[in-house]
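What follows is a single structure, written as structure tokens, with notes after it.
Numbers here are sequence positions counted from 1. For clarity, every value in this text was computed on a predicted model and none was experimentally measured.
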Amino acid sequence: MSYNATENSASRRIAILLDEGSFVEIGGAVTARSTDFNLQEKETPSDGVITGYGVIDGNLVYVYSQDASVLNGAIGEMHAKKIANIYDMAMKMGAPVIGLIDCAGLRLQEATDALEAFGSLYYKQSMASGVVPQIAAVFGMCGGGLAVVPGLADFTFMEEKEGRLFVNSPNALEGNEISKCDTSSARYQSSTAGLVDGIGTEADILGQIRSLVCMIPANYEDDLSYEECTDDLNRVCADIANAAADTSIVLSQIADDQIFFEIKKDYAKEMVTGFIRLNGMTVGTVANRTKVYGADGAEEAAYDCALTVDGCKKAIDFVNFCDAFSIPVLTLTNVAGFAATVESEKNMARAVARMTYTFANATVPKVNVIVGKAYGSAYIAMNSKSIGADMVYAWPEAEIGMMEADLAAKIMYADKDADTLREKAAEYKELQSSPMSAARRGYVDTIIQPADTRKYVIGAFEMLFTKREDRPDKKHGTV
């Protein structure tokens, strides 16, 4: 039946999310089965969750929306089974699942029945991972074991004022009190924890989800995530070189209609991830960033030209999603080394190793554009030719090599005078650090003018469209 989605917050959110009049409810007559602790005396319409399907801009999606007016949205046995059923249908039909979360946790009156059913939801999410995209949006409470649900999703959004996402409440953390640090807030989860991809008002995040669904494939076999491109494929991006430090601007400039959908915008800003379209085809982008410019062109933040642990984690999760759903990957490289702090050293080697593995293991088309520095092992890890990039371009002012020329000269000619060091540094830059020296050795395919970047990357992905690449026979890697 068609659901009149105007009755409560759960149904209102569905109405805003989906195309008008498209929602069809499934399991609307389901109520709680348990009668323990006089539960039968309480009304549990739909058992606290509205489930069904509809379309977003014509794209089929499955939706569940928790109703906080029914036992505070607590998850009971039938509640969880309804969501699991939606997952089964989504995997059969090959369509995304969107969860709108507003929940007080597990229903105490149903204890092990609720726990068992809730465990089945974890299982369904795990099985659906890499089969269909999973999107979660937190509007109210999402605590304890329920926090694993957005953790298992591919993308998570959060209402900026009422949303609360936590495993342990802020006051339960030793030495903390919520007024000191609200670890459950949207701001903390997006900027510090990095679990949340986008925050805003209810309308904002439902709009973001609509935009995202229209950008990504419906399932891992879908090849229909394209739209007609009306933008000039050879459009010159005249001032793009001036924005090299803030690669989010570069990505916007080269994208069709200059639209860039950034993922995890508030987290690890020194690494940029997101989606653009190139000639109508969705492309995942990963880029180093050393500066953030505001809408008025003023510098808002600056970062070292280095890989960080959080930046690597951000790139790993994003590239894994792209590879699972056959989305090509474009990287913009500007990196000279690794973040050097005691804190980062605890996890740096592992994080860079996992990022290296992720790029190398991805079989989708991979294109790299070196827009600044590309030094040492940090460059190797950023989708370099040596770990599997299909095409590598470099801007004329790029610097590629082991290390900066001045430092290399000081190491090789430690006992020489300043004039000799300057001479040797210039010689080293020409012979070892210039894009031409890398191109002569085949490590860079073509040196391109920054203004022509859009034209070249579109051409590369068009050429790579039929790419097929095998990996050694194994169950899976262990990195």
Side-chain angles (χ1 to χ4, degrees), residues 157-158 160-161 181-182 185-194 196-201 203-205 207-208 211-212 231 235-277 285-315 318 330-341 344 369-375 378 382 395-399 404 449-454 457:
F157 298 87
M158 196 167 171
E160 60 190 352
K161 293 181 179 178
C181 181
D182 186 358
S185 70
R187 182 60 59 189
Y188 181 89
Q189 290 295 331
S190 63
S191 62
T192 304
V196 170
D197 294 283
I199 65 175
T201 64
D204 286 340
I205 62 177
Q208 288 179 55
S211 298
L212 178 61
D231 197 353
R235 174 167 52 81
V236 173
C237 306
D239 300 320
I240 198 171
N242 296 331
D246 189 346
T247 43
S248 67
I249 298 175
V250 176
L251 293 169
S252 297
Q253 288 287 312
I254 67 174
D256 292 355
D257 304 314
Q258 301 186 35
I259 296 171
F260 172 44
F261 191 98
E262 190 168 355
I263 298 296
K264 288 184 170 44
K265 185 176 183 178
D266 298 327
Y267 178 65
K269 292 185 178 182
E270 66 279 0
M271 186 73 81
V272 179
T273 56
F275 297 109
I276 61 174
R277 287 191 188 273
T285 59
V286 180
N288 306 118
R289 174 163 57 184
T290 56
K291 290 184 179 178
V292 177
Y293 295 116
D296 59 355
E299 183 180 320
E300 295 182 350
Y303 304 96
D304 291 337
C305 189
L307 293 179
T308 64
V309 171
D310 287 347
C312 288
K313 289 178 180 177
K314 183 175 175 179
F318 185 76
L330 168 67
T331 48
L332 303 183
T333 298
N334 179 20
V335 66
F338 308 108
T341 67
S344 66
V369 181
I370 302 171
V371 301
K373 296 179 180 179
Y375 284 132
M382 271 299 295
W395 289 359
E397 301 304 314
E399 302 171 34
E404 295 192 22
Q449 292 300 319
D452 294 329
T453 302
R454 171 175 164 81
V457 294

For a 4.5 angstrom cut-off between non-hydrogen side-chain atoms, does [X] reach [Y]?
X      : Y      : result
Ser185 : Ser190 : no
Ile254 : Leu330 : yes
Tyr188 : Asp182 : no
Thr285 : Leu332 : no
Lys314 : Glu270 : no

Atom [atom1] in [X], atom [atom2] in [Y]: separation rounded to 0.5 Å?
X      : Y      : atom1 : atom2 : value
Phe338 : Cys312 : CZ    : SG    : 8.0 Å
Glu399 : Ile370 : CD    : CD1   : 11.0 Å
Gln253 : Ile276 : CD    : CD1   : 11.5 Å

Does CD belonging to Glu299 count more than 12 external heavy atoms closer than 6.0 Å? yes
Just wondering, more than 12 heavy atoms not from Asp304 lying within 6.0 Å of its CG? no
Between [X] and [Y], what is the shortest heavy-atom contact and its length?
X      : Y      : answer
Ser344 : Ala339 : OG-O, 3.3 Å
Gly311 : Thr308 : N-OG1, 2.9 Å
Thr192 : Tyr267 : O-CE1, 3.4 Å
Lys373 : Ala336 : CD-CB, 4.1 Å
Gly337 : Ala378 : O-CB, 3.4 Å
Ala255 : Arg235 : O-NH2, 2.8 Å

Pair Leu212, Asp197 - check side chain to side chain contact (heavy atoms under 4.5 Å, CB included), show working. CA-CA 11 Å; Leu212 178 61; Asp197 294 283; over 6 Å; no
How are the rings of Phe157 and Phe261 set relative to one another: parallel (under 30°), tilted (30 to 60°) or perpendicular (over 60°)? perpendicular
With a 4.0 Å cut-off, would you call Asp310 and Lys269 a salt bridge? no
Using a strict threshold of under 4.0 Å (side-chain N to carboxylate O), is an ion pair present between Asp231 and Arg277? no
From CA spacing to verdict: side chain to side chain contact (heavy atoms under 4.5 Å, CB included), Glu262, Val272: CA-CA 7 Å; Glu262 190 168 355; Val272 179; 3.9 Å; yes
Stepwise, does the side chain to side chain contact (heavy atoms under 4.5 Å, CB included) test hold for Arg187 with Ile199? CA-CA 8 Å; Arg187 182 60 59 189; Ile199 65 175; 3.5 Å; yes
Derivation and outcome, side chain to side chain contact (heavy atoms under 4.5 Å, CB included), residues Met271 and Met382: CA-CA 11 Å; Met271 186 73 81; Met382 271 299 295; 4.0 Å; yes
Hey, does the side chain of Thr273 reach the backbone of Ile263 with a donor-acceptor pair shorter than 3.5 angstrom? yes
Backbone N/O of Ile259 and side chain of Asp257: donor-acceptor pair under 3.5 Å: no
What pairs of donor and acceptor atoms, side-chain ones from residues 244-251 against any protein atom, are under 3.5 angstrom apart with sequence neighbours left out?
from, atom 1, to, atom 2, distance (Å)
Asp246, OD1, Ser248, N, 3.3
Asp246, OD1, Ser248, OG, 2.7
Asp246, OD1, Arg289, NH1, 3.2
Asp246, OD2, Tyr293, N, 2.8
Thr247, OG1, Asn288, O, 2.7
Ser248, OG, Arg289, NH1, 3.3

